[in-house]
*Asks:* 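Structure in C-alpha cells, see below.
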Amino acid sequence: MGYLALGAAQPTMSSREIAELTGKQHAHVMRDIRATLGELLGEADLSKFGSIEKDGRNRDQPVYLLPKRETLILVSGYDVHLRA
C-alpha cells in the first residue's frame with residue numbers, strides 16, 4: 001500500500017497510485033471508484049475517501065485514498081487472476 005493518510009489509522013492507497021500500478025488513466029480509475037465503490041458503499045460513504053493532492057504544476061487535483069479492503073475490491077476488477 002502507499003502511505004498513511006493524515007489522521008488515518010490504516011494504510012491507504014491513492015487513486016493516482018492505483019492508476020500508475022495498473023497502467024490505467026487516473027480519470028478512468030476515478031470513474032471506476034465512483035461506479036464500483038459508489039454502488040457498494042453509497043455516495044455518502046464513498047465521499048469519506050475523497051481528498052486533494054497537488055499535481056506537478058502545484059494545482060489541486062481530486063483523488064481517493066482507499067483503505068486496503070476497498071483497494072482490493074477495485075483492483076480485483078482489473079485482474080482476473082487476483083479475482084480468482
Side-chain angles (χ1 to χ4, degrees):
M1 295 281 124
Y3 54 87
L4 283 178
L6 289 177
Q10 59 183 320
T12 61
M13 182 170 270
S14 76
S15 51
R16 192 162 305 283
E17 290 173 309
I18 293 168
E20 290 172 13
L21 290 172
T22 60
K24 301 201 173 292
Q25 292 181 19
H26 184 244
H28 294 170
V29 171
M30 294 286 284
R31 175 201 62 207
D32 295 343
I33 289 171
R34 287 189 296 271
T36 304
L37 298 180
E39 182 178 333
L40 180 67
L41 304 171
E43 192 62 37
D45 281 342
L46 180 61
S47 67
K48 69 183 175 186
F49 301 126
S51 188
I52 301 291
E53 287 183 349
K54 297 283 186 187
D55 67 9
R57 295 182 181 168
N58 205 34
R59 297 176 299 183
D60 289 342
Q61 297 295 323
V63 296
Y64 285 105
L65 301 175
L66 302 180
K68 182 177 181 177
R69 175 182 179 265
E70 286 73 13
T71 298
L72 290 173
I73 290 168
L74 177 71
V75 299
S76 67
Y78 296 150
D79 184 335
V80 70
H81 298 288
L82 180 59
R83 235 182 351 255

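Small disclaimer: the values here were computed from a predicted structure and weren't measured.
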*Asks:* Test of understanding: with side-chain contact (heavy atoms from CB on, under 4.5 Å), list the residues that count as partners of Ser47, not counting sequence neighbours.
*Replies:* none
*Asks:* Work out which heavy atom in Met30 is nearest to a heavy atom in Ser15; give both atom names and the distance.
*Replies:* SD-OG, 3.3 Å
*Asks:* Measure the NZ-NE2 distance between Lys24 and His28 for me, rounded to the nearest 0.5 Å.
*Replies:* 9.0 Å
*Asks:* Is there a path of hydrophobic side-chain contacts, each under 4.5 Å between heavy atoms of I, L, V, M, F, W or Y residues, that connects Leu21 with Val80?
*Replies:* no
*Asks:* Quick one: CG on Leu37 to CD1 on Ile73, what's the gap to the nearest 0.5 Å?
*Replies:* 6.0 Å
*Asks:* What I'd like to find out is whether the side chain of Tyr64 reaches to under 4.5 Å of the side chain of Leu46, using heavy atoms alone.
*Replies:* yes
*Asks:* Test of understanding: with salt bridge (charged side-chain N to carboxylate O under 4.0 Å, His left out), list the residues that count as partners of Lys48, not counting sequence neighbours.
*Replies:* none
*Asks:* Apply side chain to side chain contact (heavy atoms under 4.5 Å, CB included) to Ile33 and Phe49, showing your working.
*Replies:* CA-CA 10 Å; Ile33 289 171; Phe49 301 126; over 6 Å; no
*Asks:* How would you list, by chain and number, every residue that makes a side-chain contact (heavy atoms from CB on, under 4.5 Å) with Asp60, sequence neighbours excluded?
*Replies:* Ile52, Lys54
*Asks:* Taking all non-hydrogen atoms of both residues, which atom of Met13 and which atom of Glu17 are closest, and how far apart?
*Replies:* CA-OE1, 3.4 Å
*Asks:* Does Gln61 have any side-chain contact (heavy atoms from CB on, under 4.5 Å) partners at least two apart in sequence or in another chain, and if so, which?
*Replies:* Arg16, Asp55, Arg59
*Asks:* What pairs with Arg69 under salt bridge (charged side-chain N to carboxylate O under 4.0 Å, His left out), at least two apart in sequence or on another chain?
*Replies:* none
*Asks:* Suppose the criterion is side-chain hydrogen bond (donor to acceptor under 3.5 Å, both in side chains): which pairs have a residue in residues 75-84, not counting sequence neighbours?
*Replies:* Asp32-Tyr78
*Asks:* So if I apply the side-chain contact (heavy atoms from CB on, under 4.5 Å) rule between Leu66 and each of Leu74, Thr12, Leu72, which one comes out positive?
*Replies:* Leu74
